[in-house]
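Below you'll find the structure, written out as structure tokens, and then a few comments.
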Protein chains: 2
Amino acid sequence: MTIDVGAHLKAVRTMYGLSQRELAKRAGVTNGTISLIEQNRVSPSVSSLKKVLDGVPMSLAEFFTLDLQVNPQVFFSRDDLADIGDREVSLRLVAAQRPNRAMTIMHERYRPKADTGADMLSHKGEEGGIVVAGRVELTVGAQNRVLGPGDAYYFTSAVPHRFRNFGDESCEIISACTPPTF
Amino acid sequence: MTIDVGAHLKAVRTMYGLSQRELAKRAGVTNGTISLIEQNRVSPSVSSLKKVLDGVPMSLAEFFTLDLQVNPQVFFSRDDLADIGDREVSLRLVAAQRPNRAMTIMHERYRPKADTGADMLSHKGEEGGIVVAGRVELTVGAQNRVLGPGDAYYFTSAVPHRFRNFGDESCEIISACTPPTF
DNA sequence: GGGAGGTGTTTAGGATAATCGACACTCCCG
DNA sequence: CGGGAGTGTCGATTATCCTAAACACCTCCC
């Protein structure tokens, strides 16, 4: 959970092929500051860290979201996707086992009569998707609509939401959410 | 671009229904600190901001990624998706006009012979997707594979990558990337 | 009126971070 | 064997942040 600011900064800097002095010059700070931060001998203030990142340039959000590990698995056969759903709703995850993902991509299938429930889901982050086949009724806060193939949605997950398939045909959606909730 | 740390913190705190003193107690800092930060009279050090957020709890990445505005549009008809592609590659974006999105969700279509080019793309973030129809050859770094319907991929965008459709049929992919590059 | 208990704000002083300038090291070249 | 130009690291001073304790304000209740 605890983030290694120094290692992150060093990784970012070297990724850009910059020396401490070069980055310091661009950022308008001294090379000593960069050195101390990278060694975790100090914890920079947000404003000074922002100044440093402006020299790259990179936003604070990008900096803290950055994943330093490399995981080799890139391709996933349809049978490799991790299925974590139940009978009514099937959720098949891409790269489920990858640690520290920035987001989750899923292939969802709602069978006829499937319903995520009346006590509506809400969690942090944002999510969106595109309907591939079938129809689904989506309720987000006070808004409500039936989506068909090619239609899409996007909302902040903090708003309560509900998926219902009241048709006779299964509904398929490809969706993504960030940060990962699965 | 510049982030209002004070307003962010205040929004987060009130979202959780906490007073400055309550949050301070949970976080192990003083209420004065919270007050000064919220007024932007000081720029907290990363370590103290982390301590404060631990009291919520919320990660630094979530904090800086947090979108304070609310955008009402949730649903998008297939014709509402913004098409930014060319003749060979069509990219249709969900919620393209939404400011400060955490990610981009796209419906991509590669026509026969489409190729994103030999000078391979690379940018920050992570991306992944699932093939809906057709076949596509994906190269990521030194790895290479042909993906068909239901197959998926996920990788760090910093690694150079390339999409090629050398078949006779159009290939459709639904993908997501974060942070948004479109 | 006068507490008690809650809110956010302010101030003085000690703790922490940023700067400046030196230091030690490596590599390359005359 | 020296420069010279690059690297990252390290003290001593200056600037900034964090804490503790007051302050001012509000609402409720006796």
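Since the model is a prediction, treat every value here as computed from it, not as a measurement. Here is the naming used below: chain letters follow the sequence lines, and residue numbers restart at 1 for every chain. Hydrogens, waters and symmetry mates are skipped; everything else that's a heavy atom, side chains included, is used.
At whole-Å resolution of the value, NZ in B:Lys25 and P in C:dT7 are 10 Å apart. Computed from coordinates, the B:Asn31 CG to C:dG6 P distance equals 13 Å when rounded to whole Å. Between the P atom of C:dA17 and the CG atom of A:Asn40 lies a distance of 11 Å, rounded to the nearest Å. Atom pair A:Arg21:CZ and C:dC25:C1' shows a separation of 12 Å (rounding to whole Å applied). When the P atom of C:dC25 is taken as reference, atom CD of A:Gln20 falls 17 Å away, rounded to whole Å. The CD atom of B:Gln39 sits 13 Å away from the C1' atom of C:dT7 (whole-angstrom rounding). In this structure, A:Lys51 places its NZ atom 9 Å from C1' of C:dA18, rounding to the nearest Å. Atom CD in B:Glu38 sits roughly 12 Å away from atom C1' in C:dT7 (whole-Å rounding).
Among the heavy atoms of the strands lying under 4.0 Å from A:Thr33 is at least one base atom, whether or not backbone atoms are also near. Base contact: A:Ser35 has a heavy atom under 4.0 Å from a base atom.
The nucleotide whose nearest atom lies closest to any side-chain atom of B:Leu36 is, among C:dA18, C:dT10, C:dT7, C:dT10. Comparing C:dA18, C:dG8, C:dC20 against the side chain of A:Val42 picks out C:dA18 as the nearest.
Here B:Asn31 pairs with nothing under the side chain to side chain donor-acceptor pair (under 3.5 Å) rule; sequence neighbours left out.
Ring geometry for B:Tyr153 against B:Phe163 counts as perpendicular: the plane angle is over 60°, on a 0 to 90° scale with 30° as the lower cut.
Electrostatic pairing of A:Glu22 and A:Arg13 does not count as a salt bridge here, judged by no charged N lying under 4.0 Å from a carboxylate O. The existence of a salt bridge linking B:Arg109 and B:Glu172 is confirmed by a sub-4.0 Å separation between a basic side-chain nitrogen and an acidic carboxylate oxygen. Salt bridge status for A:Arg164 with A:Glu137: present, with a side-chain N to carboxylate O gap under 4.0 Å.
If you take CZ on B:Phe166 and NZ on B:Lys113, they are separated by 9.5 Å, rounding to the nearest 0.5 Å.
Between the side chains of A:Asn40 and A:Asp4, a donor-acceptor pair is found at a separation under 3.5 Å.
Residue B:Gly32 is the one, among A:Arg41 and B:Gly32, whose nearest nucleotide of DNA chain C lies closer to the 5' end (criterion: closest heavy atom).
On the nucleic acid side, DNA chain D has its first and last nucleotide under 4.0 Å of a heavy atom of chain B at D:dC17 to D:dA22, going 5' to 3'.
Residue A:Thr30 has no polar side-chain atom (N or O) positioned under 4.0 Å from OP1 or OP2 of C:dC20.
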